[in-house]
There are 2 protein chains.
Amino acid sequence: MLKTHPCGKLTKSDIGQTVILNGWVQRRRDLGGVLFIDLRDRTGIVQTVFNPDFSGDALAIADRARNEFVLAVQGTVVERDPETVNANLETGEIEVRVEKIEIMNAAKTPPFPIEDGVEVDESLRLKYRYLDLRRPEMQKTLLLRSKAAKIFRDFLDGEGFIDVETPILTKSSPEGARDYLVPSRVHEGEFFALPQSPQIFKQLLMVGGIERYYQIARCFRDEDLRADRQPEFTQVDIETSFLSQDQLLNMMEQLAAKLFRETVGVELALPFQRITYEDAINKYGSDKPDLRFGMEIQDITDIVATSEVKVFASVAASGGVVKAFNAKGCGGWSRKELDDLQPFAARYGGKGLAWITVKDGEWRGPIVKFLKPEEIAALTERLQVEDGDLLTFSADKKKVVVDVMGNLRLKVGRELGLIDDTKFKFVWVVDFPLLGWDEDAQRYVAEHHPFTRPHEDDLHLFDTDPGKIRAQAYDIVLNGYEVGGGSMRIYKREVQEKMFNALGLSSETAQQNFGYLLDAFEFGTPPHGGIAFGFDRLIMLLAGRTNLRETIAFPKTANATDLLCNAPSEVELSQLEQLHIRTVPKPAKQPAPVGAAPEAPQA
Amino acid sequence: MLKTHPCGKLTKSDIGQTVILNGWVQRRRDLGGVLFIDLRDRTGIVQTVFNPDFSGDALAIADRARNEFVLAVQGTVVERDPETVNANLETGEIEVRVEKIEIMNAAKTPPFPIEDGVEVDESLRLKYRYLDLRRPEMQKTLLLRSKAAKIFRDFLDGEGFIDVETPILTKSSPEGARDYLVPSRVHEGEFFALPQSPQIFKQLLMVGGIERYYQIARCFRDEDLRADRQPEFTQVDIETSFLSQDQLLNMMEQLAAKLFRETVGVELALPFQRITYEDAINKYGSDKPDLRFGMEIQDITDIVATSEVKVFASVAASGGVVKAFNAKGCGGWSRKELDDLQPFAARYGGKGLAWITVKDGEWRGPIVKFLKPEEIAALTERLQVEDGDLLTFSADKKKVVVDVMGNLRLKVGRELGLIDDTKFKFVWVVDFPLLGWDEDAQRYVAEHHPFTRPHEDDLHLFDTDPGKIRAQAYDIVLNGYEVGGGSMRIYKREVQEKMFNALGLSSETAQQNFGYLLDAFEFGTPPHGGIAFGFDRLIMLLAGRTNLRETIAFPKTANATDLLCNAPSEVELSQLEQLHIRTVPKPAKQPAPVGAAPEAPQA
């Protein structure tokens with residue numbers, strides 16, 4: 001008795017048909033000797049009816065079925081009585097009068113109900129993931145994920161990209177996050193590493209003349225996990241030769257437009273806005289600004305450089321910055337709300353947050369009495385001050401001020417209801433700095449990765465001021481989330497050597513770790529560049545979820561455990577012997593990983 | 001100067017157009033001050049011309065270019081003089097008169113020429129894989145692979161299959177081949193394992209109500225490698241609920257038909273032949289018979305059970321078998337060829353191979369004098385003996401005889417030119433035995449894998465003769481290669497327990513290793529089954545190659561080394577400390593892996 005029809009798609013047009021359905025018991029009701037079983041499959045739910053008048057033996061058998069039993073039923077599709085029509089159900093106008101039944105499998109009572117919005121501890125859901133996956137919202141998300149992957153592939157295939165698989169067992173790299181290592185049985189004392197991304201391979205494919213490559217690739221980072229991290233994650237990895245940054249970005253916009261059109265029915269406005277990293281930091285206090293609302297942050301260091309507000313003047317004098325943010329319409333915040341700004345600023349490293357409320361043309365707040373009239377005039381103009389506004393001020397090192405103000409802007413945006421959750425606002429952040437200074441290591445690190453191409457105009461700065469070099473690197477940001485990033489790549493060996501040099505990698509170390517890439521560059525490397533999309537995070541945003549684990553069939557917990565199959569786990573000693581390793585009982589100290597930030601958004 | 005046109009696609013219809021081309025120098029010729037450069041990109045080759053009349057400065061710049069330099073040229077497409085048309089080139093009717101040139105990158109002389117059929121040591125090709133990939137035959141194979149993946153996806157998507165990613169960091173399993181292990185930084189002394197296949201996860205997805213799943217999945221086996229093995233390989237992994245074996249097999253035939261139609265333009269004859277494992281072994285001496293030719297092997301144990309040929313009679317008496325194979329038309333083999341049959345048989349474990357030649361109605365050979373007239377009569381009929389035939393005989397334990405005769409059949413088929421290399425002959429081998437007896441371990445092992453569903457009719461044999469149970473398992477065989485395999489799965493816990501019991505897995509061990517699957521089966525598991533195609537091997541056959549490494553962009557050598565990036569390699573001690581492991585300097589003994597044969601074809 002194998003299905004002839006899906007449960008959830010039967011309609012009035014099927015009335016009179018004999019159908020076989022297979023599915024799970026969603027619920028059962030016994031109304032005076034007539035048994036109603038809602039049968040569920042991947043497509044939805046349909047009501048089946050068992051009645052002594054037409055069900056014969058099937059009624060007694062059906063009576064043994066409980067929730068989540070697997071049934072095969074054969075019956076006739078009939079119209080429901082008007083008063084029993086269920087408008088909440090796609091199949092609500094019909095029901096199936098069952099003539100034959102087979103209990104395909106029994107079921108114990110599940111540990112939580114198989115329905116949307118179930119409120120149950122996530123660890124229980126993960127342990128019984130196979131039951132969790134039966135819930136319609138999980139099925140919908142996995143279907144969306146599959147569909148999105150198909151859209152990516154169809155688009156890229158249409159643009160002449162070749163799907164190439166790159167190795168999972170590869171070589172450990174000294175840059176970036178921690179590698180997962182795999183001991184080798186054949187090569188004693190040696191290890192493979194799982195790739196943090198296919199970065200080097202995709203560049204080698206460009207050297208290999210593939211010209212356009214893509215892969216929906218599994219990547220691995222042994223990092224300490226946060227809510228939006230997974231030890232293994234998926235990225236849509238893309239690389240092209242002979243395309244300019246603009247050509248690539250335009251193509252990716254078309255791809256995003258297709259993705260959103262065909263999954264959530266949203267027509268994205270093209271082209272996406274492009275702002276420089278510098279602008280993003282200055283105006284929005286973030287390199288992944290949420291542009292669903294405006295409210296820019298203003299630098300006022302020049303205005304208050306000689307202010308009587310001592311902290312402003314001293315910060316300005318010592319090379320710091322003073323920034324102001326006009327929380328428009330928040331002038332009526334209570335004293336408690338204003339007081340709460342201090343711990344809020346502290347959370348992001350700020351020592352405090354000065355504020356001024358503006359009401360009936362009057363400025364109030366602790367610092368107002370120290371402001372000179374000309375400062376008030378200049379602030380009024382720059383901050384476009386109006387009645388009802390709340391002005392906030394942060395003075396510190398630039399990094400701290402940026403963080404505090406960026407987060408304050410988001411907080412105010414959210415509280416004022418300026419963030420439309422149904423909106424998808426993309427923006428390209430471009431011109432990232434090539435190098436960042438690592439205070440701990442006292443050296444430069446690659447902001448993107450060590451193969452990122454510097455702006456041609458900035459090459460001379462390698463010798464004078466490497467920190468000022470702009471990279472031909474870009475992130476694609478959606479609603480304040482980085483959903484992708486990439487760069488044009490260095491393709492000339494002399495530039496690559498300058499880069500390694502700036503990173504403090506000795507030519508020996510560079511040759512040891514990237515020698516094959518450096519060698520490859522000598523054999524006719526085309527200009528190339530690429531991008532990687534964080535597939536898990538993109539699906540999360542598309543599906544309107546807030547947790548990456550909701551987008552992955554079998555995710556790991558925040559401490560990198562698979563609760564379903566209980567991995568990792570102990571293994572047999574003989575397995576370790578074959579691999580020429582043994583475990584070390586005493587925990588070793590765990591130094592933080594050094595090196596550059598990874599290229600791709602981690603999810 | 002980024003490309004406006006592909007090199008290899010310019011035709012007479014482009015004459016008069018100004019084009020920008022980007023590509024690699026395939027070769028250069030200087031003919032009396034006029035320079036011809038064949039420029040190559042992914043699409044092919046076009047001739048560019050540099051002439052003082054129209055090239056200006058470009059000529060002098062072009063003169064610096066050597067093979068594999070990357071050039072950008074701008075010029076006009078013109079018709080070639082009739083006498084210079086190159087019929088071997090798709091673009092042979094035109095050439096490009098260059099007006100502008102940019103040397104995008106220089107190139108050292110490559111270690112081997114970038115052209116098809118290059119005769120160079122494979123290890124050199126692997127070390128410089130990025131150059132090897134530039135060769136047209138490699139590009140064509142990778143393109144074919146990408147296209148084949150797309151066809152699989154399109155077909156399966158159309159049939160309602162959902163592409164679901166399953167974990168790479170998962171749990172070590174006691175059955176099957178050796179696992180690659182991954183130490184855990186967070187969980188001291190514990191290990192992840194890389195999956196040998198997504199077997200358990202795909203079954204859990206069926207428990208989870210996904211109903212139709214597929215994934216082009218990377219799998220890992222730490223086995224000793226042969227020519228057609230790779231430590232990591234790709235399979236198209238498929239699982240369905242609520243389908244019968246016949247429904248699934250029919251659907252997969254449609255998939256194969258689409259694949260061959262759209263890649264190599266071959267129309268496969270449907271339905272594929274289906275033969276039982278028993279028949280395949282008996283008639284063709286192989287569970288992956290090459291049916292591009294006939295020549296069946298015959299069992300003659302009954303005929304010679306009381307023969308004067310002592311070895312026949314004694315083997316028959318001791319429970320062995322005697323098989324004969326009529327190598328039709330080989331009656332004229334030389335004495336040397338006939339003598340060579342002995343070492344050939346020995347290679348497959350045979351102690352010898354008796355033979356008889358038939359010429360002018362006369363039987364000749366060492367054993368003829370011992371054959372009784374009625375035996376000759378019976379053999380004549382069963383082996384359909386004609387003049388010019390060569391009869392061969394093997395007597396031994398069944399396994400040995402099957403191996404010897406199966407391989408002899410292939411050898412003869414090849415030598416007689418009966419195997420048409422342009423033909424694609426699929427066959428399903430069905431009704432595999434569920435269990436095989438492992439002499440070393442003195443226990444049953446799963447022939448397919450421990451979740452394979454026995455035939456309903458054979459369930460009673462668990463208690464009496466488990467070795468006789470037929471499995472609902474099938475392989476798909478192409479030209480003598482297993483290119484896929486699968487089974488209907490056990491979905492009732494009581495059957496699964498019988499199976500583990502037959503495998504000698506204690507319920508404690510079973511629960512420890514597969515507990516979550518056993519648990520899952522209690523919550524309403526649908527009837528389900530699936531298949532996995534060995535993607536690498538399928539591409540190898542489609543592309544007409546004989547080596548899996550030709551189908552993989554970055555393969556590993558037979559001793560599991562990546563010659564390009566030099567993996568595996570030593571890592572820093574601090575990395576091992578973080579993972580709570582250390583290497584053991586002295587090699588430990590390496591016991592052979594125990595357990596069942598893997599489900600999927602390894603390639």
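Just so we're on the same page: letters track the sequence lines, and every chain starts at 1.
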Practice item. Could you tell me which of Y491(A), Y214(A), F554(A) has the largest number of non-hydrogen atom pairs under 4.5 Å with chain B? Key: F554(A)
Practice item. Taking the side chain as every heavy atom from C-beta outward, state whether P167(A) and K556(B) have any atom pair closer than 4.5 Å. Key: yes
Point to revise | For G23(A) against F242(B), the heavy-atom pair lying closest together | key: N-CZ, 4.2 Å
Point to revise | Short side-chain to backbone donor-acceptor contact, R185(A) and Y180(B), under 3.5 Å | key: no
Review point. Which heavy-atom pair separates K171(B) from N566(A) by the least distance, and what is that distance?
Key: NZ-O, 3.8 Å
Review point. Do L576(B) and L181(A) touch side chain to side chain, with heavy atoms closer than 4.5 Å?
Key: yes
Review point. Does any N or O in the side chain of Q575(A) come within less than 3.5 Å of the main-chain N or O of R178(B), such that one atom is a donor and the other an acceptor?
Key: no
Practice item. Answer with side chain, backbone, both or neither: which region of Q215(B) has an atom nearer than 4.5 Å to a non-hydrogen atom of chain A? Key: side chain
Point to revise | For chain B, the option from F69(A), F521(A), F192(A), Y128(A) that forms the most heavy-atom pairs under 4.5 Å | key: F192(A)
Point to revise | L205(B) side, atom CG; Y130(A) side, atom OH - distance, nearest 0.5 Å | key: 13.0 Å
Study note, to complete from the structure: Rounding to 0.5 Å, atoms CE (M104(A)) and OG (S241(B)) come to a distance of 9.5 Å
Check your understanding: How far apart are the closest heavy atoms of P231(A) and L169(B), and which atoms are they?
Key -> CB-CD1, 4.2 Å
**Study point:** Part of P527(B) within contact of chain A (heavy atom distance under 4.5 Å)
**Key:** side chain
Review point. Chain B heavy atoms under 4.5 Å from A106(A): which part of the residue, side chain, backbone, both or neither?
Key: backbone
Study note, to complete from the structure: Max heavy-atom pairs within cutoff under 4.5 Å with chain B, candidates L579(A), I114(A), L143(A), T166(A), goes to T166(A)
Check your understanding: Can a salt bridge be assigned to the pair D154(A) and K150(B) using a cut-off of 4.0 Å between side-chain N and carboxylate O?
Key -> yes
Review point. Which bit of V164(B) comes within less than 4.5 Å of chain A, counting heavy atoms only: side chain, backbone, both or neither?
Key: side chain
Check your understanding: Relative to chain A, which segment of R135(B) carries a heavy atom at a distance below 4.5 Å: side chain, backbone, both, or neither?
Key -> neither
Revision key, fill the gap. Cut-off 4.5 Å, heavy atoms of chain A, and the answer for R145(B) is side chain
Practice item. Please report the shortest heavy-atom distance between L243(B) and L2(A), naming the atom on each side. Key: C-CD1, 3.7 Å
Check your understanding: Short question: side chain of H187(A), backbone of A567(B) - any donor-acceptor pair under 3.5 Å?
Key -> no
Exercise for review: Can you tell which part of S184(B) gets under 4.5 Å to a heavy atom of chain A, answering side chain, backbone, both or neither?
Suggested key: side chain
Review point. Under a 4.5 Å cut-off applied to non-hydrogen side-chain atoms, are I552(A) and E165(B) in contact?
Key: no
Revision key, fill the gap. OG1 (T583(B)) and CD (E190(A)) are apart, to the nearest 0.5 Å, by 10.5 Å
**Study point:** Contacting region of N67(B) [heavy-atom separation from chain A under 4.5 Å]
**Key:** neither
Point to revise | Residue pair K492(B) / N105(A), side-chain heavy-atom distance below 4.5 Å | key: yes
Check your understanding: Just how far is it from atom NZ of K127(A) to atom CG of D519(B), taken to the nearest 0.5 Å?
Key -> 7.5 Å
**Study point:** Least distance between heavy atoms, D163(A) atom then R153(B) atom
**Key:** OD2-NH2, 4.3 Å
Point to revise | Top of I581(A), L133(A), D562(A) for chain B proximity - count of heavy-atom pairs under 4.5 angstrom | key: I581(A)
Point to revise | Interchain contact, D157(B) with chain A, by part (heavy-atom threshold 4.5 Å) | key: side chain
**Study point:** Region of D41(B) in contact with chain A, defined by heavy-atom distances below 4.5 Å
**Key:** both
**Study point:** Interface moiety of N22(A) toward chain B, non-hydrogen atoms closer than 4.5 Å
**Key:** both
Study note, to complete from the structure: Y516(A) and C565(B) have their tightest heavy-atom pair at CZ-CB, 3.2 Å
**Study point:** M206(B), part contacting chain A, at a heavy-atom distance under 4.5 Å
**Key:** backbone
Review point. For chain B, which of E68(A), K3(A), R42(A) has the most heavy-atom pairs under 4.5 Å?
Key: R42(A)
Point to revise | Proximal component of F220(B), with respect to chain A [non-hydrogen, under 4.5 Å] | key: side chain
Point to revise | chain A contact via L564(B) - side chain, backbone, both or neither, heavy atoms under 4.5 Å | key: both
Practice item. Nearest 0.5 Å please: distance from the CD1 atom of I210(A) over to the CG atom of L142(B). Key: 5.0 Å
Review point. For chain B, which of R218(A), E570(A), Q139(A) has the most heavy-atom pairs under 4.5 Å?
Key: R218(A)
